[in-house]
Chemist: 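Next up is a structure, given as structure tokens.
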There are 2 protein chains.
Amino acid sequence: MSKSYDQYCPMAHALDLVGERWTLLIVRELLHGPMRYTDLSDRLPGIGTNILAARLKDLEACGIVEKHRLPPPAASQVYELTPYGHELKSVLRALAVWGVRSLGPPEPERLATGWLESAVAMFFAPGAPVGRFVFRIDGEVASLTNGETLAGPLDDPDVTVETTATGLYYLFFERRYDGVEIDGDRELFERLLDTATAPVVSGAVAV
Amino acid sequence: MSKSYDQYCPMAHALDLVGERWTLLIVRELLHGPMRYTDLSDRLPGIGTNILAARLKDLEACGIVEKHRLPPPAASQVYELTPYGHELKSVLRALAVWGVRSLGPPEPERLATGWLESAVAMFFAPGAPVGRFVFRIDGEVASLTNGETLAGPLDDPDVTVETTATGLYYLFFERRYDGVEIDGDRELFERLLDTATAPVVSGAVAV
DNA sequence: CCGCATCCCCAAAGATACTG
DNA sequence: CAGTATCTTTGGGGATGCGG
């Protein structure tokens, strides 16, 4: 654990817990679900094995992650977010919404597997209208229904969107439908896009 | 600038920009308004002068902060957030809301001056009901109206809350009014408390 | 193989002194 | 006041080793 900022401040305290290098990216991965040590190592290119071990130990010590060993058939152990750890999703979402605006168009070769599920969860899920959505982007598939994000497809979708990562980028930022194929209820999808690109409202809604 | 995570991912990119030690705390301070180098240094106990200079240079380079020299009478220069930098408020708010739950009751001697304004902006301002609120906590004063936070008092308040930092803590987390003095429209204040302690809704509102 | 612990090296942080 | 220069200390990156 690195040195504390030693301030009585919720932000400084939060950064004491998750502000070190790699920590929030580990949490980002674990938002996909429980994962083994080696899976994490594979999905975080560049992280040293010692760093990963140290971060997991810290995260466990402060109640963000739990280590479980799976029952006998599979003798491996997995890391899993606690409920408190899972709530870091709001932090990661805020970071994603802020960061995406200076990120520029995608370079497909730098996209990690599973990126689409994150993208849907971060940008489309919050405030999504009721409906069943399937995204097929550059070989990845993810779905959204009831504000829940799933890796993989979904039965009886209301809308299916198929395009490339680049197509999705320009759709999102400029509403350009070049190279984007929408199957099903296009108007419903437009409403989804409206909520996704609306300015973020943090906090509760005014009464 | 430290090493990039080198992933095409909005979160990783955001952390490339503001993920280094001290960076988000500098932004937190600048949310109070433009500030001189020495002010920042004073308000961030423990930061080295070289680190502060380096961070400010990085933040300037990536369009989060701008350096201005004030017009002749005052020959000093100030650092100021750009609009893009100001939007990091949503990230800091998410961190604050997450972090406060594991922070514990306040230790008054570790509170930095200006903390109350941040606290009001982060916890009370989002979604606040219409009204004029004044907070007087442990010698600090801050106000809230139209969702705008101000350092200092306000004319014609609807409600004035006076207590200690500890009193505010237990009021917030346990609705305990011990040692809390409410002047004015108490019911309005209760509504403010309701919105402040409601679970955070990130993203736009469901249609 | 999986899950780390150890070691080495370098880059970044911390502390302090000093300067335009 | 607003930093730069310098030195020491700490932490990260990468390779390797090793028990289960």
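Because only heavy atoms are used, hydrogens play no part in the values below, and waters and symmetry mates are left out as well, while side chains stay in. Numbers restart at 1 for each chain; the letters A, B, ... are given by sequence-line order, proteins then strands.
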Chemist: Taking atom C1' of dA12(C) as reference, at what distance in whole Å does atom CD1 of I51(A) sit?
Modeler: 13 Å
Chemist: Please report the interatomic distance OG1(T82(A)) to CD1(I64(A)), rounded to the nearest 0.5 Å.
Modeler: 7.0 Å
Chemist: Can you name the residues that form a ring pair (Phe, Tyr, Trp, His ring centres under 6.0 Å) with W115(B), not counting sequence neighbours?
Modeler: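 Result, ring pair (Phe, Tyr, Trp, His ring centres under 6.0 Å) vs W115(B): none returned.
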Chemist: If you only use heavy atoms from C-beta on, which nucleotide in dA2(D), dA13(C), dG3(C) is closest to the side chain of S76(B)?
Modeler: dA2(D)
Chemist: Let me have a per-nucleotide readout for nucleotides 14-20 of chain D, 5' to 3', with B, S or -, counting only protein heavy atoms under 4.0 Å.
Modeler: BB-----
Chemist: Rounded off to whole Å, could you give me the CG-to-P distance for the D6(B) and dG13(D) pair?
Modeler: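 Nearest whole value for this atom pair: 13 Å.
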Chemist: Please tell me if R21(A) has a side-chain N or O lying less than 4.0 Å from either OP1 or OP2 of dG13(D).
Modeler: yes
Chemist: Which nucleotide wins on minimum distance to the side chain of T38(B), given the candidates dG3(C), dA2(D), dG14(C)?
Modeler: dA2(D)
Chemist: In Å and rounded to the nearest 0.5 Å, what is the CE to CG distance from M11(A) to L103(B)?
Modeler: 10.5 Å
Chemist: Within this structure, what is the CG-to-C1' distance between L52(B) and dC1(D), rounded to whole angstrom?
Modeler: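 Result: 13 Å.
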Chemist: Whole-Å distance between dG14(C) P and L44(B) CG?
Modeler: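 These atoms are roughly 12 Å apart.
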Chemist: Of all of residues 22-37 of chain B, which get a heavy atom below 4.0 angstrom from DNA chain C, listed by number?
Modeler: W22(B)
Chemist: Going by the side chain to side chain contact (heavy atoms under 4.5 Å, CB included) test, name the single residue among K57(B), E80(B), Q77(B) that passes it with K67(B).
Modeler: Q77(B)
Chemist: Starting at atom CG of D16(B), determine the distance to atom P of dA12(C), rounded to an integer number of angstrom.
Modeler: 13 Å
Chemist: Validate the cation-pi geometry between R21(B) and Y5(A): distance from NZ or CZ to the six-membered ring centre under 6.0 Å, angle to the ring axis within 45°.
Modeler: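 So R21(B) does make the cation-pi contact.
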Chemist: Got a second to check how far T23(B)'s OG1 is from L88(B)'s CG, nearest 0.5 Å?
Modeler: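 It is 10.0 Å, given to the nearest 0.5 Å.
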Chemist: Could you give the angle between the helix axes at the two ends of the helix from dC1(C)-dG20(D) to dG20(C)-dC1(D), with five pairs per end, rounded to 10 degrees?
Modeler: 30°
Chemist: Tell me: CG of D39(B) to P of dC1(D), nearest whole Å?
Modeler: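 Distance check: D39(B) CG to dC1(D) P gives 8 Å.
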Chemist: Give every residue pair that meets the side-chain hydrogen bond (donor to acceptor under 3.5 Å, both in side chains) criterion with at least one member in residues 171-183 of chain B, sequence neighbours excluded.
Modeler: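 Checked against side-chain hydrogen bond (donor to acceptor under 3.5 Å, both in side chains) - neighbours excluded - the pairs reaching residues 171-183 of chain B are E174(B)-R176(B), R175(B)-D194(B), R175(B)-T197(B), R176(B)-D178(B), Y177(B)-E190(B).
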Chemist: Would you say the ring centers of F124(A) and F133(A) fall short of 6.0 Å from each other?
Modeler: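 That pair fails the under 6.0 Å test.
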Chemist: Would you say the side chain of V27(A) lies within less than 4.5 Å of the side chain of V91(A), judging by non-hydrogen atoms?
Modeler: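 Heavy-atom side-chain distance check fails, nothing below 4.5 Å.
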Chemist: What integer distance in Å separates Y5(A):OH from dA13(C):P?
Modeler: 10 Å
Chemist: Roughly how many Å is it from NZ in K67(B) to P in dA2(D), rounded to a whole number?
Modeler: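 Whole-Å distance recorded here is 10 Å.
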Chemist: Return no unless some side-chain N or O of R55(B) is found under 4.0 Å from OP1 or OP2 of dA13(C).
Modeler: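 Checking R55(B) against dA13(C): at least one side-chain N or O falls below 4.0 Å of OP1 or OP2.
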Chemist: If you measure from CG on D39(B) to OH on Y79(B), what distance do you get to the nearest 0.5 Å?
Modeler: 11.5 Å
Chemist: Could I get the full list of side chain to side chain donor-acceptor pair (under 3.5 Å) partners for E162(B), not counting sequence neighbours?
Modeler: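 Residues passing side chain to side chain donor-acceptor pair (under 3.5 Å) with E162(B): none at all.
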